[in-house]
Amino acid sequence: QLQASGGGLVQAGGSLRLTCAASGRTFAYNGMGWFRQAPGKEREFVASINRGQGSTYYTDSVKGRFTISLDNAQNTVYLQMNSLKPEDTGVYYCAAVRRGDAPETEKGYDYWGQGTQVTVSS
């Protein structure tokens, strides 16, 4: 199971840190990712990270502003979001993949969290 938290209301230029904690004794994953869904739009890839070498990937619109990190010991992934813009508004979901690298497409993920709302005011 994945539990996302840390969303909220922030002014443009502000920061938020999202947390996604994985629980369950049998939970195993190789990579984790963050997606977001803005009102009236499809869910889109934001960032991903893989265990082992810790390779990270970002969608172009968040590069240089967002940072994804992974605490393997705590089975927790973080998304540090800086210089937030109104277009970053949406529900943010975390997801995990059991085998292989975390992809940029939804279909490749095995587990999903419930989502946390991020609202950036202008």
Side-chain angles (χ1 to χ4, degrees):
Q1 293 181 346
L2 299 175
Q3 183 72 34
S5 62
L9 173 64
V10 63
Q11 288 187 336
S15 299
L16 283 174
R17 188 176 82 153
L18 304 184
T19 299
C20 178
S23 62
R25 260 190 277 179
T26 59
F27 186 86
Y29 63 97
N30 192 66
M32 300 185 78
W34 286 96
F35 288 73
R36 66 187 179 189
Q37 186 167 22
K41 295 186 177 181
E42 294 185 351
R43 190 155 56 182
E44 63 173 356
F45 170 80
V46 176
S48 65
I49 186 167
N50 298 310
R51 298 178 78 170
Q53 293 185 347
S55 52
T56 58
Y57 302 90
Y58 299 91
T59 192
D60 288 344
S61 63
V62 308
K63 286 180 181 177
R65 300 188 298 122
F66 290 11
T67 302
I68 188 171
S69 59
L70 181 63
D71 184 337
N72 284 317
Q74 298 296 325
N75 285 344
T76 300
V77 65
Y78 303 97
L79 185 67
Q80 177 66 43
M81 306 186 294
N82 299 328
S83 301
L84 282 162
K85 304 175 181 180
E87 50 263 44
D88 294 319
T89 294
V91 179
Y92 282 69
Y93 299 88
C94 61
V97 58
R98 286 181 295 184
R99 296 182 182 87
D101 290 347
E104 296 183 13
T105 57
E106 294 183 46
K107 292 182 178 180
Y109 288 83
D110 301 296
Y111 309 101
W112 287 87
Q114 84 291 359
T116 184
Q117 176 70 46
V118 171
T119 303
V120 184
S121 63
S122 57

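From a predicted model like this one, the values you see are computed outputs, not experimental measurements.
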**Study point:** Main-chain N/O of Thr76 paired with Asp71 side-chain donor or acceptor, under 3.5 Å
**Key:** no
**Study point:** Any donor-acceptor N/O pair, Gln37 side chain to Gly90 backbone, under 3.5 Å
**Key:** no
On a heavy-atom basis, which atom in [X] and which in [Y] lie closest, and how many Å separate them?
| X | Y | answer |
| --- | --- | --- |
| Gly7 | Leu18 | N-CD2, 3.6 Å |
| Pro103 | Tyr109 | O-OH, 2.5 Å |
| Phe45 | Tyr58 | CE2-C, 4.0 Å |
| Ala102 | Ser48 | O-OG, 3.6 Å |
| Arg98 | Asp110 | N-OD2, 2.7 Å |
| Asp88 | Val120 | CB-CG2, 4.3 Å |

Exercise for review: Give me the ring orientation class for Tyr92 and Phe66: parallel if the planes are under 30° apart, tilted from 30 to 60°, perpendicular past 60°.
Suggested key: tilted
Distance from [X] atom [atom1] to [Y] atom [atom2], nearest 0.5 Å?
| X | Y | atom1 | atom2 | answer |
| --- | --- | --- | --- | --- |
| Gln11 | Ser122 | CD | OG | 9.5 Å |
| Ser61 | Lys85 | OG | NZ | 7.5 Å |
| Leu70 | Arg51 | CG | CZ | 6.5 Å |
| Gln74 | Ser23 | CD | OG | 12.5 Å |

If Ile, Leu, Val, Met, Phe, Trp and Tyr residues are connected whenever their side-chain heavy atoms lie under 4.5 Å apart, and connections chain through other members, are [X] and [Y] in the same group?
| X | Y | result |
| --- | --- | --- |
| Trp34 | Tyr111 | yes |
| Tyr29 | Val97 | no |
| Tyr78 | Tyr93 | no |
| Met81 | Ile49 | yes |
| Val91 | Leu2 | no |

Point to revise | For Phe35, the option from Glu44, Glu42, Arg43 that meets side-chain contact (heavy atoms from CB on, under 4.5 Å) | key: Arg43
**Study point:** Identified side-chain contact (heavy atoms from CB on, under 4.5 Å) partner of Cys20 from the options Ile68, Thr116, Leu79, Val77
**Key:** Val77
Exercise for review: Answer yes or no: are there more than 12 heavy-atom neighbours, outside Gln1 itself, under 6.0 Å from its atom CD?
Suggested key: no
